[in-house]
Visitor: 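Just passing along the structure, written as C-alpha cells.
Model, not experiment: these values are computed from the prediction.
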Amino acid sequence: MRLPLGFRELGQVDYEPTWHAMQRFTDERDGFTADEVWLLEHAPVFTQGQAGKAEHVLFPGDIPVVQVDRGGQVTYHGPGQLVAYLLLDVRRSGIGVRELVSRIERSLIDLLASYGVEASAKPDAPGVYVNGAKIASLGLRIRNGRSFHGLALNVDMDLQPFQRINPCGYAGMSMTQLADQVDEPLVMAQVAARLRAQLLQHLQYAESRSLPGVLPG
C-alpha cells in the first residue's frame, strides 16, 4: 500500500537553506521514507540550472544568482510565486520521469482551469503556458531514482525581474501570472490548497497528510 503524500507548508523561506535541506532529505531517505511536497515562497533569487549559460543572465542587479543542481536554465523566484518541491521516490512509484513531468504539468493545467484559465504544456519546453506566455516553470533533479526541486507557479508577483534574464534560456519569453488572468482576489493559501489537491490526484496518492511547517533535519 502506498504511503500518504506528506505536505509541508513553509511560508517564505530563503532559497539556499531550502535547497540544501532537499539534498539532505534525498540523500538520507531509504525505501521506506514517505514522499513529501514542500509548498513555499522564496525571497528574490535567480537560480541557474546545470545546463545554464551565463549569457542568459542579462543584468541581475541586486538579486543573487545561485548555481544549482536541477535541470534547465535560469529562472526567477520571488514573493507571490508558489513553489512546490517534489521529493518523490520515482523508482518506487513505477512512473517514468517523462510521465512524472506530464502529470505535474496536468496538475497545474487543471488548477488553472479551476480558476477559468485555459493553459497548456509544450512538448519541447517544460512548463505551462497561457496564450503563449509562461505561467509556471518546471525543473527536476533525479538522484538514485528520487526527485527533488519541482515547480514554480506565478500567482501574484512582480514579474519585472524576469526581464533581467532569458527565462529558461529563451530570449524575450513572455511571462504571465494568475493575477493577470482572473478578476477575483487571490489568496496564496487557497491556491496552494488547490495545487495540493491536484498533485494528490494526478500523482495517484490515496491520501495526504500535513507535516510540520519547518524544514526537516
Visitor: If I compare all heavy atoms of S147 with all of V90, which pair ends up nearest, and what's the gap?
Guide: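 The pair with the smallest heavy-atom distance is CB-CG2, 3.8 Å.
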Visitor: Nearest 0.5 Å, what's the CG-CZ distance between L86 and R146?
Guide: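 Rounded to the nearest 0.5 Å, the CG-CZ separation comes out at 16.0 Å.
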Visitor: Hey, are D69 and R143 close enough for a salt bridge, meaning a charged N less than 4.0 Å from a carboxylate O?
Guide: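 So D69 pairs with R143 through a salt bridge.
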Visitor: Given side chains that start at C-beta, do those of L3 and D35 come closer than 4.5 Å, heavy atoms only?
Guide: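 Not touching, per the 4.5 Å side-chain cut-off.
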Visitor: Quick one: does T176's side chain get under 4.5 Å of N154's, heavy atoms only?
Guide: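 The answer is no; the side chains never approach within 4.5 Å.
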Visitor: Would you say V37 and V191 are hydrophobically clustered, going by side-chain heavy atoms of ILVMFWY under 4.5 Å?
Guide: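 Yes, V37 and V191 fall within the same hydrophobic cluster.
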Visitor: Are any of the side-chain heavy atoms of V182 and V117 separated by less than 4.5 Å?
Guide: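 When only atoms from C-beta onward are counted, V117 and V182 do touch, with a gap below 4.5 Å.
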Visitor: Hey, any chance F7 and L40 share a hydrophobic cluster, counting ILVMFWY side chains that come within less than 4.5 Å of each other, even indirectly?
Guide: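 No; tracing contacts between hydrophobic side chains, which count when under 4.5 Å, never links both residues.
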Visitor: Carefully, step by step, assess V65 and V45 under the rule side chain to side chain contact (heavy atoms under 4.5 Å, CB included).
Guide: CA-CA 6 Å; V65 180; V45 63; over 6 Å; no
Visitor: Should we say atom CG of D158 is surrounded by more than 12 heavy atoms from elsewhere, each under 6.0 Å from it?
Guide: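 Yes, because the 6.0 Å sphere around CG of D158 holds more than 12 heavy atoms from other groups.
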Visitor: Once the angle between the rings of H77 and H42 is folded into 0 to 90°, is it parallel (under 30°), tilted (30 to 60°) or perpendicular (over 60°)?
Guide: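 The arrangement is tilted - the two ring planes meet at 30° to 60°.
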Visitor: If you look at every heavy atom in L200 and S208, which pair is closest and at what distance?
Guide: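 The answer is CD1-CB, 3.7 Å.
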Visitor: Show your reasoning for whether side chain to side chain contact (heavy atoms under 4.5 Å, CB included) applies to Q198 and D110.
Guide: CA-CA 7 Å; Q198 292 295 339; D110 286 353; 3.3 Å; yes
Visitor: side-chain contact (heavy atoms from CB on, under 4.5 Å) with E9: which residues, sequence neighbours excluded?
Guide: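 With sequence neighbours excluded, E9 shows a side-chain contact (heavy atoms from CB on, under 4.5 Å) to L39, R196, given in chain and number order.
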Visitor: Do any N or O atoms from the side chain of Q48 and from the backbone of K53 form a donor-acceptor pair under 3.5 angstrom?
Guide: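 Flag set: sc Q48 to bb K53 pair under 3.5 Å.
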Visitor: To the nearest 0.5 Å, what is the distance between CD (Q160) and OH (Y76)?
Guide: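 Reported to 0.5 Å precision, the distance equals 8.5 Å.
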Visitor: Starting from W38, can I reach L195 by hopping between I/L/V/M/F/W/Y residues whose side chains sit under 4.5 Å apart?
Guide: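 Shared cluster, no.
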Visitor: Please name all residues satisfying side-chain contact (heavy atoms from CB on, under 4.5 Å) with M173, sequence neighbours left out, ordered by chain then number.
Guide: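 M173 satisfies side-chain contact (heavy atoms from CB on, under 4.5 Å) with Y129, K134, P167, Y170, M175 once adjacent residues are dropped.
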Visitor: Rounded to the nearest 0.5 Å, how far does CG of D89 lie from OG1 of T33?
Guide: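 Output value for this atom pair is 8.5 Å.
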Visitor: For the backbone of G49 and the side chain of Q67, can you confirm whether one donor and one acceptor N or O come within less than 3.5 Å of each other?
Guide: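 Side chain of Q67 to backbone of G49: no pair is present.
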Visitor: Just checking, is any N or O donor in the side chain of T47 or R70 under 3.5 Å from an acceptor N or O on the other one?
Guide: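 Short answer, yes.
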Visitor: Report the distance from atom CD1 of I142 to atom CZ of F148, rounding to the nearest 0.5 Å.
Guide: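 Nearest 0.5 Å value for the CD1-CZ distance: 8.5 Å.
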Visitor: Any side-chain heavy atom of L140 within less than 4.5 Å of one from V101?
Guide: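 Answer yes - side chains close enough.
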Visitor: Can you list everything that forms a side-chain contact (heavy atoms from CB on, under 4.5 Å) with D156? Sequence neighbours excluded, please.
Guide: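 Testing D156 for side-chain contact (heavy atoms from CB on, under 4.5 Å), a comparison that skips the adjacent residues, returns Q177, A179.
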Visitor: Without swapping roles, check the side chain of E105 against the backbone of G127 for a donor-acceptor pair under 3.5 Å.
Guide: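 Yes; at least one donor-acceptor contact below 3.5 Å.
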Visitor: Give the C-alpha distance, both sets of side-chain angles, the deciding distance and a yes or no for side chain to side chain contact (heavy atoms under 4.5 Å, CB included) between R141 and M22.
Guide: CA-CA 11 Å; R141 171 73 189 272; M22 283 193 287; over 6 Å; no
Visitor: Considering non-hydrogen atoms only, spot the tightest contact between G132 and K122 and give its length.
Guide: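 It is O-NZ, 4.3 Å.
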Visitor: What is the distance from atom CG of L151 to atom CG of L199, rounded to the nearest 0.5 Å?
Guide: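 Reported to 0.5 Å precision, the distance equals 6.5 Å.
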Visitor: Does any non-hydrogen side-chain atom of V83 lie less than 4.5 Å from one of E41?
Guide: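 Of all side-chain heavy-atom pairs linking V83 with E41, none is under 4.5 Å.
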Visitor: Would you please test Q204 and R103 for side-chain hydrogen bond (donor to acceptor under 3.5 Å, both in side chains) and show each step?
Guide: CA-CA 10 Å; Q204 297 183 331; R103 292 187 186 201; 3.1 Å; yes
Visitor: Between L112 and A119, which heavy-atom pair has the shortest distance, and what is it?
Guide: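 Scanning both residues completely, I find the closest heavy atoms to be CD1-CB, 3.6 Å.
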Visitor: Just do the side chain to side chain contact (heavy atoms under 4.5 Å, CB included) check on L138 and V128 with the steps written out, would you?
Guide: CA-CA 8 Å; L138 181 61; V128 173; over 6 Å; no
Visitor: Treat each ILVMFWY residue as a node, draw an edge where side-chain heavy atoms are under 4.5 Å apart, and state whether F25 and V214 are in one component.
Guide: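 No, because F25 and V214 fall into different hydrophobic clusters, even though each may have its own neighbours under 4.5 Å.
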Visitor: So V66 and Y15, do their side chains get closer than 4.5 Å, heavy atoms only?
Guide: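 When only atoms from C-beta onward are counted, V66 and Y15 do touch, with a gap below 4.5 Å.
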Visitor: Any idea which heavy atoms bring R98 and P123 closest together, and the distance?
Guide: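 Looks like NH1-O, 4.5 Å.
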Visitor: Against the six-membered ring of Y115, is R194 placed for a cation-pi contact (under 6.0 Å from the centre, within 45° of the normal)?
Guide: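 Yes, R194 and Y115 form such a contact.
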Visitor: So, do D180 and I135 sit near enough that their side-chain heavy atoms are less than 4.5 Å apart?
Guide: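 No; the side chains remain at least 4.5 Å from each other.
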Visitor: Verify, without hydrogens or angle tests, whether D30 (side chain) and F32 (backbone) share a donor-acceptor contact under 3.5 angstrom.
Guide: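 Yes, because the side chain of D30 sits within donor-acceptor range (under 3.5 Å) of the backbone of F32.
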Visitor: Start with the C-alpha distance between E36 and R209, add both sets of side-chain angles, then the distance that settles salt bridge (Lys or Arg N to Asp or Glu O under 4.0 Å), and finish with yes or no.
Guide: CA-CA 9 Å; E36 296 189 11; R209 63 187 180 115; 5.4 Å; no
Visitor: Check whether any side-chain heavy atom of M157 sits under 4.5 Å from a side-chain heavy atom of F162, and report yes or no.
Guide: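 Yes; the side chains approach each other to less than 4.5 Å.
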Visitor: For the OG1 atom of T26 and the NE2 atom of H149, what is their distance to the nearest 0.5 Å?
Guide: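 Going from OG1 on T26 over to NE2 on H149, the span is 8.5 Å.
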Visitor: Kindly work out whether a path of hydrophobic side-chain contacts (I/L/V/M/F/W/Y, heavy atoms less than 4.5 Å apart) joins V13 to M188.
Guide: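 Unlinked, V13 and M188 end up in two clusters.
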Visitor: Compare every heavy atom of P4 with every heavy atom of A34, then report the nearest pair and how far apart it is.
Guide: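 Scanning both residues completely, I find the closest heavy atoms to be CB-O, 4.0 Å.
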Visitor: Might you confirm whether atom CG of D183 has over 12 heavy atoms from other residues, nucleotides or ligands at distances under 6.0 Å?
Guide: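 No, the 6.0 Å shell around CG holds no more than 12 heavy atoms from other groups.
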